[in-house]
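As C-alpha cells, the structure follows; a few thoughts come after it.
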Amino acid sequence: MPDLLSNLNPEQHAAVTLLNEPALILAGAGSGKTRVIITRIAWLIQQGLASPATVLAVTFTNKAAREMMSRLSALLPIDTRGMWIGTFHGLCNRMLRAHHRDAGLPATFQILDTADQLSAIKRLMKGLNIDDEKYPAKNIQYFINNAKEQGLRPEDMDATENFNRKFVELYEVYDQQCQREGVVDFSELLLRCYELLAHNPPLRAHYQARFCHTLVDEFQDTNKLQYAWLKLIAGQNNTIFAVGDDDQSIYAFRGANVGNMRDFEHEFSVRNLIKLEQNYRSHGHILDAANQLIANNSRRLGKNLRTDAGHGEPVRVYESTTDSQEAGWIVEEIKALISTGTSRSEIAILYRSNAQSRTIEHALVNAGIVYRVYGGLRFFERQEVKHALAYLRLIDNPNDDTAFARVVNFPTRGIGARSIEQLADAARLYNCSMAAAIPYIAGKAGSSLAAFANLIGKMRAETQQMSLPETVEYVVRTSGLSEFYQNEREGQDRLENLQELVNAAAAFVSEEGYGMDTPARSIPLRPGATSTPELAVATDAPNTVVLDAPGIADPTQNPDTMTPLAGFLSHASLEAGDNQAQAGQEAVQLMTVHAAKGLEFTAVFITGLEEGLFPHENSAMESDGLEEERRLMYVAITRAKERLYLSFAQSRILHGQTRYNIRSRFFDELPQETLKWLTPKVEAGARWGGRSDNAGYGRDWFARPGYTGAASTTPAQLPAFANEQRAAEAGFRVGQQVFHTKFGEGTITALEGGGTDAKAQVKFKRHGEKWLALAVAKLQAVE
DNA sequence: CTACCAGTCCTTTTT
DNA sequence: GGACTGGTAG
C-alpha cells in the first residue's frame, strides 16, 4: 500500500486527512493545491473511508479534470473514468442525460455554445422584429446568462420597469424557443440540473445519499448558481472540501463570486480554515513582491506565502520610451536567457490584453525566435468544423434550428435569404421548427427546401448502423462540405480540419471505451447496463451504494445514457479543444495574464505595466475593479519561478492611436528593495493626495500632475492631461456616472478643455457616445 | 448570390 | 490597427 502522506507538509497533511467536517482550504499559488485534492481522494479510498463511487470532484476546466483523473489513477489502481470527476457543466450534462425525462428534455438534447446562443438570440429577435440598435443581441445574451447564473427564471424577475420588461420578455421567449428546439445553453445546463434536484426530492435524496465527499477546485471562481448546486447535491452527511484562493479570484467579470468563500465559511461553520502558505515555486524576492502587493487589498481571508528557496534574484524593472522599444528589449533579454541555457518554453511573456501581443510578436519574428500564442480560435469553434457538427446535430435532432439555419444553404444550394425568412415565418405561425415547417412552403423555394430535408433524411437513414467515425466521415462527404473546400482556393486547411474531425471522433470512441464498431446512434450495451438506462436499477454493479430511491438511474453504474453521437456532440460543445496555435513546440510562451493562471515558468515578463492598461482603465468603472486588477497582478507575479521582469512604456500605440501612459501604480506597491531598475527610476512626484485606495480610484487615471516621465516624452502630448485636469476641476472625472435630462444615464469617458470650454465625452446607456460642453449641458453627477 | 466597402468595436474567458 | 458586420451594388 503506497504511503500517500509521507511527502506532505503539516498543513497539507492536515488538509488531506481532515475528517467529518466541512473544510475550506486557502491554497496559495504554488502551494501544492492540486496535489492535496488528489492525495485526499486517494487517501479516502485507500483508508476505506470512501469508494470511487461516493466521491464527487468538481473543477472548472476540462484540463483540470483530466489532470485530476490521470494523477489519481497514477496513485491508485482504479478506473477513474466512471468516477464523478469533471467540470460543473460536464457533470450537469451527465446528470441531465440520465434523467432527461425528469428534466423535461429530449434524450438527444444538444448544447449551444456561446456563439450558437448568440445566433439563436439574433434569429429570435429578427423574427420578432426587435430593434437590434435598441436591444443589442449581445446585451440580451448577457442578461439571460446573468439571470440564469443568479438562479432566476423570467417569472422570478421584476419586469415592472419598462426597459427591463423587454429583456425579461425576450428571456422568456428565448427559453421557449430553446425548449421547442431541444437545445440548452451553458448556463441552462447548470440551472436545469439545479432545478431537477431542487424539484425532485427522491432524486435529490438519491444523490445526496450517494456522494459522501465533494471536493471543489478553484472555489473562488464559483458563481452563485454553482455554489447553490453544490449545497443542494451535498446535503447533510456530505463533507464539502472547498479549495481556493481569494487572492487569485480574477473572473468576477463572468460571474465568479469570491464572496462564496466567506459564505461557505459561515454557512458551514468551518472550524479550521487551513492555509497552505508554503510555496514550492518561486524564489523569495518574487514572493515578497507578491505578498506586499496583495496586502493592499481589503477583505482578504489573509495569507502570506513563504519559501525555503532563498531570496534569489531581484525583480528586474525596465522603462522604455515606446511599446516597440519594450518589445525589442524583451527580445534581447530572451536571447540572453536562451544563450545561458533557459529553455524557450520556460519563458513566458504576459500581457493584460490581447491587443498587446502584436508588437511583441513582430519583434520575435524579426529576431527569429520561435514563439507560441495562447488564445484564439479553438478546434471545435472553426467554421468548417461547426458546419459539419451542424449536420450531425440535424441528424440527431431535426428541430435544432440553430444548426438548421447554419447549413441549410451551406454549401449553397439555391436557398436564399428570402426563402429562409419565409420558412422562419411559417415555423413561427405553426409554432414548429424550421425543418417541420418545410411542407408549408410552396413553389420553387419549397422544392429546394424539400430537397434539403431529403438530404438530411437520407443521411439519417444511411448512418443508422454506422460507427461514429464513419458517420462523421459520411456526413463530411455527403453534405458537400469536402467538395466545397476542395474547390476553394484557401480551403486546404479547412479540409484538413474536417479530416481531423473524423480523427477526433475515432479518438473519442476509443477514449470513452466504446467499441469501434458501436453504432453512433444507439445506446451501447455494456455489462451492467440495460437497454432502458433511465429505468435501470443498479444493484449488482461494483461499488454499489445503497439506493434509497429504487428506479433511479445511476449514471456512474450506467455511464451509457448517451449515444456515442450525442456524447461526441456534447464533447464538442463542452470542450472546444486546444486553443494553442502550435502545440508542443519548444517555443517562448505568449499569453494574457488570465490565461497564465495555474501555469509556471522559469522566467516571466509582465509587460505594459501602465496606468490604464494594467490596471485596466475599464476596471475603474466597476466596484472592486482595482482590487481585481491587483489580484491579476498577483497571479502574474506568482507565475515566475526564478526570474521576473516588469516593464512599461511611456507611449504605446493602441487601436491605431498613440497613448501616453504613466507607469502602473503597482510599482509603488511593491517592496522597493526587491526591485532592480535596469533603467533609472524616475520619481513620479506628488500625486493627487497620493491615494491608492478605492476612494481615490478613477480620479487619476491618466493624469498625475508632476509626473514628468523620461526626457524623451514629447511635451506636446502632455496638455491632454492638463486639459483633463482642468475639466476635472469642474467637478467631473473620467469614469464618473452622470445623468442628463435628455439622454439619461451615462459614464464620462473623456474630459477636455477647461473653464467655459470644458467638454466631456459621455457614453450614454441608450444614446451612445457624445461630446457635451459642460457650460451648456446640464450634467448631474450620480453617486 | 457574391463582392466589396464603410462603419463599428476593441479587457479579461471557460463551459 | 484589424477583425468583423451589415448594407448595397452588380
Pair A:D245 + A:K33, salt bridge at N-O below 4.0 Å
no
Could A:E361 and A:R358 be called an ion pair, given the rule that one side-chain N must be under 4.0 Å from one carboxylate O?
no
Within the 6.0 Å centroid threshold, strictly below: A:F253 and A:H594:
yes
Under 6.0 Å between ring centres: does that hold for A:F410 and A:F484?
yes
Can you tell me how far [atom2] of [N] sits from [atom1] of [X], to the nearest Å?
X	N	atom1	atom2	value
A:I250	B:dT14	CD1	C1'	12 Å
A:I360	C:dG1	CD1	P	18 Å
A:F186	B:dT15	CZ	P	8 Å
A:E629	B:dT11	CD	P	12 Å
A:L377	C:dA3	CG	C1'	12 Å
A:Y251	B:dT15	OH	C1'	12 Å
A:D217	B:dT14	CG	C1'	14 Å
A:D624	B:dT11	CG	C1'	16 Å

So for A:T114 and B:dT15, does any side-chain atom that can act as donor or acceptor lie under 3.5 Å from a complementary atom in the base?
yes
Would you be so kind as to tabulate the donor-acceptor pairs closer than 3.5 Å made by side chains of residues 119-130 of chain A, with sequence neighbours excluded?
from, atom 1, to, atom 2, distance (Å)
A:S119, OG, A:D116, O, 3.1
A:R123, NH1, A:E181, OE2, 3.2
A:R123, NH2, A:T402, OG1, 2.8

Name of the residue among A:N145, A:T114, A:L112 meeting side chain to side chain contact (heavy atoms under 4.5 Å, CB included) with A:F186:
A:T114
Near DNA chain B, which residues from residues 138-150 of chain A have a heavy atom under 4.0 Å away?
none
Determine whether A:N257 and A:Y227 make a side-chain contact, defined as any pair of heavy atoms from C-beta on separated by less than 4.5 Å.
no
A side-chain contact here means heavy atoms from C-beta on lying under 4.5 Å apart; do A:N354 and A:T592 qualify?
yes
Taking only N and O in the side chain of [X], is any of them less than 4.0 Å away from OP1 or OP2 of [N]?
X	N	result
A:R254	B:dT12	no
A:N354	B:dT12	yes
A:N62	B:dT15	yes

In terms of side-chain heavy atoms of [X], which of [options] is nearest?
X	options	answer
A:R358	C:dG1, B:dT11, B:dT13	C:dG1
A:T412	B:dT12, B:dC1, C:dG1	B:dC1
A:R352	C:dG1, B:dT13, B:dT12	B:dT12
A:R378	B:dT14, B:dT11, B:dC10	B:dT14

Quantified in whole Å, what is the P atom distance between nucleotide C:dC4 and nucleotide B:dT13?
16 Å
When you match A:A576 and A:R413 each to their closest nucleotide on DNA chain B, which lands nearer the 5' end?
A:R413
Could you pick out which residue, A:H594 or A:G414, lies toward the 5' side of DNA chain B when each is mapped onto its nearest nucleotide?
A:G414
Base, sugar-phosphate, or nothing: which does A:F88 touch, judged by heavy atoms less than 4.0 Å apart?
nothing
Base, sugar-phosphate, or nothing: which does A:I415 touch, judged by heavy atoms less than 4.0 Å apart?
sugar-phosphate
Counterpart residues, side-chain hydrogen bond (donor to acceptor under 3.5 Å, both in side chains), relative to A:T359 (two or more places apart):
none
List the residues meeting side-chain hydrogen bond (donor to acceptor under 3.5 Å, both in side chains) with A:S647, not counting sequence neighbours, and say none if there are none.
A:E326
Output one line per pair: protein atom, nucleotide atom from nucleotides 6-10 of chain C, and distance, for all N/O pairs under 3.5 Å.
none

Can you sort out the partners of A:D113 under salt bridge (charged side-chain N to carboxylate O under 4.0 Å, His left out), two or more places apart, ordered by chain and number?
A:K386
For A:F253 and B:dT12, say yes or no: do the ring centres fall under 5.5 Å of each other while the ring planes differ by less than 30°?
yes
